[in-house]
Amino acid sequence: MSGTAKVWVVWNGQAASTGGAAAKAEGHSMESKRQVTVESSPLQGEAYSSLPRDGAGLNGAGLNGHRPQVLDQDRFHDASERILGSINKVIDGKADAAKLALTVLLAQGHLLLEDVPGVGKTLLAKTLARTVDCTVSRIQFTPDLLPSDVTGVSIYNQSSRQFEFRPGAVFANIVIGDEINRASAKTQSALLECMEEHQVTVDGHSYQLGLPFMVVATQNPIEMEGTYPLPEAQRDRFMARISMGYPDKEAEIEMLETHQATSPLAQVTPVVTASDVAAMIATVQQVHVSTAIKEYTVAIGRATRDSARLRLGASPRSLLQLLRAAKATAALDGRDFVLPDDVVDVAESVLAHRIILDRKAASSGDTPQSVLRGILASLPVAQDPPGAWRRDRHTV
C-alpha cells in the first residue's frame with residue numbers, strides 16, 4: 001500500500017478514514033475494510049476517553065467509582081432466583097449448568113462452554129447476558145480476526161491531529177466469544193490480559209474494565225480441523241468449564257413444543273441491574289472460609305501435582321478460583337460460610353480442564369474427571385465439631 005493511501009476502519013458499519021502514512025507509522029495500516037460484528041458494546045464510534053486508564057481502575061472502588069453494598073440473605077436469594085428462573089425458562093433441563101454459570105459470574109471468573117454443536121452453548125451465554133441490565137458484546141471468532149478487533153485500535157483524527165482510541169468488543173460487562181478456538185493463537189492472546197488483570201493495554205496506555213466483567217467462550221471439541229486449540233495459559237484463565245450434554249427425554253420434548261415457533265430468548269428481559277450484580281459479588285466476597293477449608297483446598301491441589309496419572313496438576317491460580325467458586329456456591333445455597341461439600345461440588349468443573357493426563361493413564365481410558373473423583377474420594381476431610389466452619393470467623 002502506498003504511503004499516501006487512506007486507511008479505513010469499519011466499526012459496526014461506520015467507516016473512519018485516516019491518513020495512510022500516519023497509520024502506517026503507528027502500525028495500524030490495513031489493506032482492506034474489516035467488519036467487526038458486535039452486539040451492544042459501549043462507546044462504539046466515539047473516542048475512548050471516559051473510562052479510567054493507566055492504573056486508575058474501577059476494580060478497587062466498585063461500580064462507577066462507588067463500592068457496592070453487601071446484600072442481606074433475602075435480597076441475595078431473591079436476585080439469584082430471578083436470574084436462574086429466567087435462564088431455566090430458555091434452557092430446558094440444564095438447571096445445574098445455569099447455576100454454575102451464575103456461580104462463575106458471582107465469583108468474578110470466566111466461563112468456557114465446551115461441547116458438541118447444537119446443545120445450547122451460545123444460547124446459555126446469551127441468556128445469562130440478557131438477564132442482567134449491563135453492556136454485552138459478542139465476538140464471532142474466525143481465522144482472520146485480529147487482536148485489535150478484540151481490544152480496540154487507535155484512529156487518527158484529522159481535525160484534532162491526534163490518535164484516538166476506539167474500544168474493541170472486550171469493553172463490555174459480559175463478553176461472549178463464540179467458537180473461540182476458530183481464531184489464531186495471536187488473537188486468542190488478546191484476551192489474556194483482560195481476563196486476568198481486568199485491563200487492556202494499547203499503544204502504551206492501560207484502560208481499566210468495569211465491574212462486573214466476564215468472558216463466556218464457546219468451543220466445539222469434536223471437529224478440530226481448521227481450529228487453534230487453546231493453550232494451557234488461556235485455559236487456566238477460565239474459572240470453570242461446562243459440558244452441556246444432551247437434554248433428557250422430557251426436556252427435549254418440552255423444547256420441541258416451546259421452541260418451534262419462536263425462540264424463548266426473544267422474551268428474556270433484564271431481571272437485575274449491573275449494580276445488583278456488583279452487590280451480589282461483594283456479598284460473595286464476604287463469605288467466610290475457615291482454616292480447615294483452606295487446608296482442604298490446598299490438599300486437593302497438591303494431590304493433583306503428586307498424582308502419577310497426571311502430567312500437569314492444578315496451578316495456584318486454579319486453587320484460588322476453586323475457593324472463590326466455593327464461596328459463590330455457599331452464598332447461592334443461603335450460607336455465609338463455606339463447607340467442604342461446596343469445594344467438592346465445583347472441583348470438577350474448575351479443575352478438570354486445567355490438568356493433563358499422563359500418556360499411560362490416557363491410554364488406559366482415564367479422564368481428568370475420573371482422576372479428580374478418585375483424588376476427592378481419597379482425601380480425608382477434617383472432622384471438626386459442629387459449627388467449627390464458622391466459629392473461627394474472627395480469628396482467621
Between CG of Asp358 and CG of Leu310, what distance do you get to the nearest 0.5 Å? 8.5 Å

Identify which one of Gln369, Arg241, Arg373 satisfies the side-chain hydrogen bond (donor to acceptor under 3.5 Å, both in side chains) criterion when paired with Glu348. Arg373

Pair Gln69, Arg75: side-chain N/O donor-acceptor within cut-off below 3.5 Å: no

If you compare all heavy atoms of Gln321 against all heavy atoms of Met239, which two are closest, and at what distance to 0.1 Å? OE1-CA, 3.0 Å

So that I can tick it off, tell me whether Asp178 and Lys126 are bridged by a salt bridge, with the cut-off set at under 4.0 angstrom between side-chain N and carboxylate O. no

So, taking the atom named CZ in Arg311 and the one named CD1 in Ile356, what distance separates them when rounded to the nearest 0.5 Å? 5.0 Å

From CD (Glu254) to CG (Leu256), nearest 0.5 Å: 9.5 Å

Indicate yes or no for a side-chain donor-acceptor contact from Gln219 to the backbone of Ile180 under 3.5 Å, with no hydrogens or angles considered. no

How about Ile293 and Leu323: do any of their side-chain heavy atoms sit closer than 4.5 Å? yes

Of all heavy-atom pairs linking His353 and Phe238, the shortest is NE2-O, 2.9 Å

With the side chain counted from C-beta on, respond yes when Ser86 and Arg130 share a heavy-atom pair under 4.5 Å apart, and no when they do not. no

Sort and list the pairs that fulfil salt bridge (Lys or Arg N to Asp or Glu O under 4.0 Å) and have at least one residue in residues 313-332, not counting sequence neighbours. Glu196-Arg317, Asp236-Arg317

Taking C-beta and beyond as the side chain, do Val215 and Arg237 meet within less than 4.5 Å on heavy atoms? no

Hey, any chance Met244 and Tyr246 share a hydrophobic cluster, counting ILVMFWY side chains that come within less than 4.5 Å of each other, even indirectly? yes

Find out if a path of hydrophobic residues (ILVMFWY) with successive side-chain heavy-atom gaps under 4.5 Å connects Leu376 to Leu357. yes

Would you say the side-chain atoms of Thr283 pair up with the backbone N or O of Leu71, donor to acceptor, closer than 3.5 Å? yes

Do the side chains of Met214 and Leu128 get nearer than 4.5 Å, heavy atoms only? yes

Please tell me if the side chains of Arg309 and Ile375 come closer than 4.5 Å, counting only heavy atoms from C-beta onward. no

Please assess Arg161 against Tyr156 for the test side-chain contact (heavy atoms from CB on, under 4.5 Å), listing each intermediate value before the final yes or no. CA-CA 7 Å; Arg161 297 184 180 276; Tyr156 185 72; 3.4 Å; yes

Rounded to the nearest 0.5 angstrom, the CD1-OG1 distance for Ile91 and Thr127 is 4.5 Å

Take His110 and Phe213 through the test side-chain contact (heavy atoms from CB on, under 4.5 Å) and record every step on the way to the result. CA-CA 9 Å; His110 309 288; Phe213 175 71; 3.7 Å; yes

Please determine whether side-chain contact (heavy atoms from CB on, under 4.5 Å) holds for the pair Leu145 and Arg182, giving the CA-CA distance in whole Å, both sets of side-chain angles, and the decisive distance to 0.1 Å. CA-CA 9 Å; Leu145 191 72; Arg182 296 288 175 186; over 6 Å; no

I'd like to know if the side chain of Ser363 reaches the main chain of Arg359, judged simply by a donor and an acceptor atom lying under 3.5 Å from each other, with no hydrogens or angles considered. yes

Do you reckon Leu192 sits in the same ILVMFWY cluster as Leu209, going by side-chain contacts under 4.5 Å, direct or chained? no

Quick one: are Asn173 and Val277 in side-chain contact, heavy atoms under 4.5 Å? no

Check: Ile355 and Leu312 side chains under 4.5 Å, non-hydrogen atoms: no

Looking only at heavy atoms, what is the nearest atom pair of Val350 and Arg354, with distance? O-NE, 2.6 Å

Is a donor from one side chain sitting under 3.5 angstrom from an acceptor on the other, for Ser154 and Asp203? yes

Between Asp115 and Ser243, do the side chains contain an N or O donor and an N or O acceptor separated by less than 3.5 Å? no

Using every non-hydrogen atom in the two residues, find where Asp342 and Phe337 come nearest and quote the distance to one decimal. OD2-O, 4.1 Å

Grouping I, L, V, M, F, W and Y whenever their side-chain heavy atoms are under 4.5 Å apart, do Val70 and Phe76 come out in a common cluster? no

Does a side-chain heavy-atom distance below 4.5 Å link Thr151 with Glu193? no

Looking only at heavy atoms, the pair that brings Val170 and Val175 closest together is O-CG2, 3.6 Å

Check the angle between the aromatic planes of Tyr207 and Phe165 and answer parallel, tilted or perpendicular using the 30° and 60° thresholds. parallel

Write down the atom of Leu211, the atom of Ala278, and the distance for their closest heavy-atom approach. CD2-CB, 4.3 Å

Which pairs count as salt bridge (Lys or Arg N to Asp or Glu O under 4.0 Å) when at least one residue sits in residues 76-97, sequence neighbours excluded? Asp78-Arg82

Interatomic distance, Thr218 atom OG1 to Leu124 atom CG [nearest 0.5 angstrom]: 10.5 Å

If two hydrophobic side chains count as joined below 4.5 Å and joins carry through other members, does Leu105 share a cluster with Leu265? yes

Passes side-chain contact (heavy atoms from CB on, under 4.5 Å), Val338 versus Tyr296? Steps please. CA-CA 12 Å; Val338 176; Tyr296 180 59; over 6 Å; no

Quick check against the 3.5 Å criterion: does Ser137 have a side-chain atom that pairs as donor or acceptor with the backbone of Ala172? no

CD1-CG distance between Ile83 and Leu102, expressed to the nearest 0.5 angstrom: 5.0 Å

